[in-house]
Amino acid sequence: MIKIRNLTKSYRVKGGRHYVFKNVNAEFPEGANIGIIGPNGGGKSTFLSILGGIDFPDNGEIITDRSFSWPLGLKGGFVGHLSGRENCRMVCNLYGLGRNDTAQKLEKMKSLAGIGDYFDEPVKYYSSGMGSRLGFALSMSFDFDYFLIDEITSVGDAHFKALARQAFQEKARKSRMIMVSHNMGDIKKFCDIVVLVKNGQLEVFEDMDAAIRAYLPQTQESTEDTAEIMSEASLEEIDLSNIQLPTDYEAMVPEIAERLESIEIKLTTPEHQITRTEDEFFFQLAFAYQSLGNEPRAFHFYKKSAEANSCHLEAQQRLAALAAARGLHAEEQQALAAAERVDPLNIITLDAKVRYLIRLGELDKALEVTLAALRVDPHHVGFWSQRAGIFLALGETSKAVEAQIKAVKHGPDRSQSYLRLATILACGGDIKLSALARHRARIAAENTVHKLKMPSFKNIIKSLRKLDDDLRV
Amino acid sequence: MPATSQQTPWKIQKSVVYAVFIRELNARFGRYSIGFIWAFLEPIIFILTLSFIRSRFSGTAMAGLHPVLFFASGVLTFTLFRNIITSSVGAVESNQGLFNYQRVKPVDIVVARVLLETLIVAVTAILLFSGFYLAGFTFTWNSALEVMGVLSCLLMLAGGLGLMGCIAGPLWQDSKIIVPMLIRPFFFISGVFYPGNSIPPALRDIALLNPLLHVMELMREAAFANYTSHEGSWIYLFACSTLFFLVGLATYRLFRVTVVTSGYIR
């Protein structure tokens, strides 16, 4: 039983309080997997933290006799300079496991996380995907009545998702989950009831589609928003001159090139049999080439990876992108189709498909795909932008403006969005607003420049070394 | 796997303090840290510097003790007091990630840090005094039991202040600067580098209001049989320590939820 009584939670903000929840009462039915949806900043994560007992309301209480896991999110609560194993051991210590139990659990976690030898590397070297895999494996090794999951299914590849689903099915006899997600596909797949967190209230839906309909943004957007967004424009000047690139860039290129050559020779010797598991080898190789800017080689090896395992989602997606860049329509279509078979609701695949359809000139179909994609993730800036572009091409300027404003709202830090808005407004003849949008674009551009990050060559070298070692065996 | 909800509070507390202690140990003395050497070296360098300066002026004994022994006992005791409080002030914020696990509470981190600081000072003391012994600075040991008694009072005093510090840290941003500033004068007024009986009689009554001076006096009296200054009062120290400890516990009890609740901090 989970009962929420008079829950009130507020945050101190400049000049007052912002109420996330105000006198919320609700009851969740027994034994259901619960999906939590709602707009950004609506209090989904706060709600999860309160359920998990790591955050506390101003007033009211949650009445329950169930145990909850810690909220399992992207950040993971790991200590960066400790290895995955040490972090996991600490949590075992926290939960009072003996030496033998801990050793046993650590082995289980290692195999479930599927990050191989990285388990013994400091967590700060992990990619975000690896971090959340480890977090997932860690919490799955403990018994709770409810697992609290915050957006974690949005990362990770198809293989990991399959593993996650399997782990949950094993747990399903005893445990349920409460999951926050923007991804309606995941919500539909995993959950029995949906809780909509919006405007300080919780609304429980047993009918999935009704919940999604209640949540999805109305396509009619008031044009007042244009003025509202534009009025925020400030008139400061920008300076783009002091951009700094990481210094490790050039020094590491020779070692990477050397590693690549060595791996390539090993992989292409006649006595070397290509097996299904080698998709990852080829993928890493291709990825390294792509980081170096050698697109033809990258294309070649992505293709090999996709051939070795047609279910390698990321290889297919990158293959499609590179094919598009080189104008190879047939290859692109093939890769897209394969990617769609692996996961029909994947955002990156859908994005690539829209681009493909636009290039073919099939604007109506492209519009449909963007709509489907926005149903999965209503906050995706790219799809709103693309819709705007398509509307503009179709000559429907006002609809284009609406869509682009959505894009700007969901990603206020992206200068591209403002730039497009400026263009669209200029096409619509609103020169004054267009100028303002262009100004905002410059401000956003300057802000992103400071956050600019190049791919870390140290990590690439690391993964190549590992590949090289693995092949020697 | 034991059902996590069916453990006794005592068992939970023990597990958590142990886990946090190991984590702090790792963080402080981990692979990539020179903190290991520094933690021991800092008080030692300080003691040697003080002794060197003193030897320039006069080489006589201080209240019956060789200056090196005198400074070593004073500096180590003061280091323990200072480190417990300053590390408690940062306890909540430097461990935000740990509060992701519902069973970790701020007090666990304070307890783990008190244990760790005590361990570090104890190891330094053993190293240092063994070194002195080998170097020929001998002394007559008085009473181990009394040393434990003073140490307990010191831990209660510093622990109580530490509990207040762990509350003040997150709720009041400036406390990280203010608290070390407040502690610094105590280095000069607590008899770290002078015996209690050398304080002018006119000032002595006021100076003896400071419980840390009692800690210093009683600690040297308890450790060294030939210490000749007897200004410390057990009753006053015990009363003060208990008071600070209780006030610390009460402060913690009042604000323990607030410090880990989002929306109050910042």
Side-chain angles (χ1 to χ4, degrees), chain A residues 9-13 17-20 45-46 49-58 65-73 75-83 86-87 89-98 101-102 104-105 108 122-124 135 138-139 141-145 148 150 174, chain B residues 1-36 92 94-106 108-109 111-112 170-171 173 254-266:
Chain A
K9 171 80 190 171
S10 64
Y11 286 97
R12 199 185 278 167
V13 290
R17 293 207 148 261
H18 166 69
Y19 282 87
V20 188
S45 297
T46 308
S49 299
I50 294 176
L51 270 182
I54 61 167
D55 200 348
F56 302 87
D58 307 347
D65 52 357
R66 298 299 158 138
S67 64
F68 294 91
S69 78
W70 55 86
L72 179 54
K75 282 173 280 164
F78 291 124
V79 185
H81 67 266
L82 299 184
S83 72
E86 286 164 325
N87 270 294
R89 183 174 292 134
M90 187 199 74
V91 178
C92 290
N93 284 342
L94 277 181
Y95 282 84
L97 298 190
D101 282 348
T102 303
Q104 225 177 345
K105 281 235 184 310
K108 246 168 78 182
V123 171
K124 63 182 167 196
L138 174 63
S139 77
S141 308
F142 291 86
D143 288 332
F144 294 103
D145 294 332
L148 307 178
D150 196 350
K174 283 187 285 179
Chain B
M1 153 93 225
T4 46
S5 52
Q6 282 158 11
Q7 295 174 351
T8 59
W10 170 241
K11 162 109 170 93
I12 292 177
Q13 183 102 45
K14 235 172 39 182
S15 318
V16 173
V17 169
Y18 172 71
V20 176
F21 181 79
I22 297 289
R23 177 216 177 301
E24 292 276 316
L25 203 66
N26 264 325
R28 194 81 71 83
F29 302 137
R31 268 171 283 178
Y32 311 103
S33 171
I34 59 155
F36 179 69
V92 172
S94 56
N95 282 297
Q96 279 301 339
L98 275 178
F99 296 117
N100 198 32
Y101 305 98
Q102 58 268 68
R103 40 173 69 192
V104 182
K105 304 293 175 209
D108 300 313
I109 297 169
V111 172
L171 294 187
Q173 287 299 307
L254 275 176
F255 293 101
R256 62 188 172 152
V257 173
T258 312
V259 286
V260 288
T261 300
S262 62
Y264 285 92
I265 301 166
R266 271 175 288 279

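This one's a predicted model, so the numbers in the text were calculated from it and none came from an experiment. Numbered from 1 within each chain, the chains take letters A, B, ... in sequence-line order.
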Side chain from CB out, backbone as N, CA, C, O: work out which of these in Ser49(A) comes under 4.5 Å of a heavy atom of chain B, or both, or neither. neither
Mark yes or no: Lys14(B) above the aromatic ring of Tyr18(B), with NZ or CZ under 6.0 Å from the six-membered ring centre and no more than 45 degrees from the axis. no
Check each atom of Val20(A) against the heavy atoms of chain B and say whether the ones under 4.5 Å are side chain, backbone, both or neither. neither
Residue part contacting chain A, namely of Phe99(B), when any heavy atom lies under 4.5 Å: backbone
For Ser45(A), check side chain to side chain contact (heavy atoms under 4.5 Å, CB included) against everything at least two apart and list the hits. Asp150(A)
In terms of heavy-atom pairs under 4.5 Å with chain A, which of Lys105(B), Arg23(B), Gln102(B), Lys11(B) leads? Gln102(B)
Chain A heavy atoms under 4.5 Å from Val17(B): which part of the residue, side chain, backbone, both or neither? neither
So CG of Asn95(B) and CD of Glu24(B): to nearest 0.5 Å the spacing works out to 5.0 Å
Taken to the nearest 0.5 Å, the spacing of Leu72(A) CG from Trp70(A) CH2 works out to 8.5 Å
Drop me the distance from Asn93(A)'s CG to Thr102(A)'s OG1, to the nearest 0.5 angstrom. 6.0 Å
Hey, which of Asp145(A), Asp55(A), Asn87(A) has the most heavy atom pairs under 4.5 Å with chain B? Asp55(A)
